[in-house]
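Shown next, in structure tokens, is the structure this report addresses.
Chain naming here is simple, since letters A, B, ... match the order of the sequence lines and numbering starts at 1 in each.
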Amino acid sequence: MRVHFTEFGKVRFISHRDAARAFERAFRIEQLPLAFTLGFSPRPKVSFGLALSVGHESDAEYLDFELAEEIPLEPLAAALSAALPEGIDVPAVVALADRAPALQEAVSAVEWNIELTVDDEVTGTPMITPEIVEHRVEALMAAPTLVLERVRKGRTASEDIRPAFRRMTVLGPTEGGILVGVELATRPMSVRPAELVAALGSEFREGRVRRTRQWIERGSERLDPLAADPRIALEARAS
Amino acid sequence: MTSLWPRIEPLLAGVEKPARYIGMERGSQVPVHRPGSVSWLLVYPDTYEIGLPNQGLQILYEILNERDDAVAERSYAPWLDLAAALREHAVPLFSVDTHRAASDFDIVAFNLSAELVYTNLLECLDLAGIPIRSEQRSETDPLVVAGGHSTFNPEPMADFVDAFVIGDGEEPVGEMTECVRTWQGGGRPGGRVGLLRALASVPGVYVPSMYSVEFDGPVLRSVTPRYSDVPAVVDKRTVADLADWPYPKQQLVPLIEVVHDRLNVELFRGCTRGCRFCQAGMITRPVRERPTEQVRNMVANGLRRTGYDEVALTSLSSADFSGIDNLVSDLVNDQIGCGNVGVSLPSLRVDAFTVGIASEIQKVRRTGLTFAPEGGSWRLRQVINKLITEEDLYSAVEGAYSQGWRRVKLYFLVGLPTEMDEDTLGIAELARNVVKVGKQYTKQASCTVSVGGFVPKAHTPFQWFGQNGTEELHRKINMLRDDLRKTAATVRWHDPKATFAEGIASRGDRRIGAVIERVWRAGGTFQEWSEHFQLGRWLDAMAAEGLDPDWFVTRHRTEDEVLPWDHIAAGLHRDFLWQDWQASLQAHGLPDCRWTPCYDCGVCTDYALEHVVASSVPPAGGSQGTGQDLTLGGAVPVMLSPTRVPT
């Protein structure tokens, strides 16, 4: 099964791990017949997609789980939403084909809406306009490389993060700043929204950040994770 | 009177674990504050992770919100990063439920379950914009209330707390609500003092400003009521039968990981084992067991509601619950209808821990096992009246190792009355033998020896005992570490310096309030966190107030001395406590009075209460009070239920 969920509002302050625990409890509250791993300490077969950082919202989070027996699919989304904390909702659950690739490997691109703000204690009055941001975005996308010092496994290494930037557009002003829409590849390396904000300019701060899409790309195809590996038989039954 | 959330939200981006401050737990409430309803803010003055699971706070939260005339919300001490941000941006302390300012509540009530959180109470008040001293508060400031075990000696906090609730809070919170409502509805007669005077008449409520305290040099002479309608002695409140209080019905399920992150169901309150060091056991008498059927329902409903897969059956000594074996067995074998659940039994007594229980609880998950022999020799365990034999301990750990546990934790106190080095080294001897028992079952057998410095507490037979100083505790701990070097036993210990500060706050009188204020003003919050604790702050504060720390901490008290908590009654007769103190010095043990004739400690007789047990059969294990000859010491055999081979 693949669950699509969203995370908005106060609950965005929980960590990825906290969200995982909330789902595990929701599965038990709804008494879903989860499949368990074999072995000394059996664990439910649940695998989460890309992590969502503390403070970030999302329209597009996913997790996969396996059931030990078939159950009606229809009521599942609403039932899980009710058992989850306020602010985490499940718009859809679909049955996956056997041996569907794991989310973590399958997802190759993500889209974000990132609000840029300016720390007004530094500059006095916030001087941020769509035009300024537009210039920075153009400059960044025009640059052939963008080398960053990053800490990986305890070692600092120089990495060119420019290949991850697919598309960047200024969406317009918000109450406290400027909203930028971004599409980032997750391979060969992923880029954090905070790194992107810093790359646009050291005076910018990260305001509200929201993941809007995740994509599974296969050849020239670009698929929503819910549509990537459907299990046809079960879907037909559910409809 | 509105939500502070828009002002709090931007601050959360810059703090550690922001989800501490968002509320929204399953089971949390969004109460509607109505005119005429009395609003309570229940504050646990430590981090969210420590405070959220507190059952006392959750019980009162539900009871108050069920009332038509009250609403209750919660708050926890903001961590240092948020505290600084709140001050910088002039945002006051808030509730996590509706993010309402603390000063908007009628009553701000603190849970004081340990003394080292005292400075955090001042921090919370200050962040709330409420004057920290009672005398500085005006009619518009909230009433500041405190309850919890530490309030059995309220005097160190008497300058800051308007009213203490002594004992079980279930009933007095309702009576206080009515008292405040009547006062508010009646045009606030007599102003703030009028309210305090009215509260002083609520049974179990101690209003320190209604008493005058006389000293003669350093010596406390008396604490006497200033008005005739104020009681000379405040008796604790006791819920007679837990069956009437099946709370919490909707245990909170936090969004982030907290301590005791599982379903907690209270098996019983009170303990009659009579361990002389144990304040909790002394002040919560008599034993009140919850009916087994109610326990089963609370477990079943709780698991279904929360989605937890582990339940802790809590009490001061869970294996003593009559019928514990059947309960645990039914739980793990899914006789309660919630699937397989892990069961943990905190506070296990070795003499009541049987192989039967061990084999049952390991079926689902091997939760951590901690046993608390407390003393290293049979003689010392007679002194402290923890009458468990070496064989009890070895049988219990054998039960554990034989059922697959590889590590057990043993808890001991050092600095106990009459303790000699051979007693301290007895801890090492026990630990070595425990490992030896374990090695018969697994090569990896090990044990953790956790050592705490003993702090004598009010309303115990050891309230007269002079605590060991920091050097003496260090010496004993180091001796133990040396003796257990290169063994499979790991020694962990509590910082003797923190033990010393706890000693100041535990048996202090009203003069200690100024010391606590100084420690807080010097930046001493979160004193239970070793990285934030400095004994220097406490000693500097004592010196500045002209008080001798040793007079408060290491000095033995005399029989005729007025103790700072003599006007607070836990029901235990002073004569009884003194006799028990004398008996302890003779290494004379006293059996569990549940299964033996009453020896008249005073609680049941004075308060017309009785022990309530769920079953008339004593628990399976036990050398204490089960008719075995105590004088035999190490030779007493233990009855074990038959070993069940796990399938």
Rounded to the nearest 0.5 Å, what separates atom [atom1] in [X] from atom [atom2] in [Y]?
{"X": "A:Phe13", "Y": "B:Ile22", "atom1": "CZ", "atom2": "CD1", "answer": "7.5 Å"}
{"X": "B:Arg26", "Y": "A:Leu84", "atom1": "CZ", "atom2": "CG", "answer": "8.5 Å"}
{"X": "A:Asp18", "Y": "B:Lys17", "atom1": "CG", "atom2": "NZ", "answer": "9.5 Å"}

In this structure, are over 12 heavy atoms from other groups packed under 6.0 Å from [X] atom [atom1]?
{"X": "A:Arg167", "atom1": "CZ", "answer": "yes"}
{"X": "A:Arg43", "atom1": "CZ", "answer": "no"}
{"X": "A:His16", "atom1": "NE2", "answer": "yes"}
{"X": "A:Glu175", "atom1": "CD", "answer": "no"}

- For the student: nearest non-hydrogen atoms of B:Leu255 and A:Pro85, plus distance: CD2-CG, 3.3 Å

- Nearest heavy-atom approach of B:Asp309 to A:Arg28 is OD2-NH1, 3.6 Å

Measure [X] against the heavy atoms of chain A and call it side chain, backbone, both or neither at under 4.5 Å.
{"X": "B:Glu9", "value": "both"}
{"X": "B:Pro254", "value": "backbone"}
{"X": "B:Arg305", "value": "backbone"}

- Message: I'd like to check A:Gln31 versus B:Arg304 (side-chain heavy atoms, cut-off strictly below 4.5 Å). Are they in contact?
- Response: yes

- Item | Among the listed options A:Glu30, A:Arg21, A:Glu86, A:Glu24, the residue most often paired with chain B at heavy-atom distances under 4.5 Å | A:Arg21

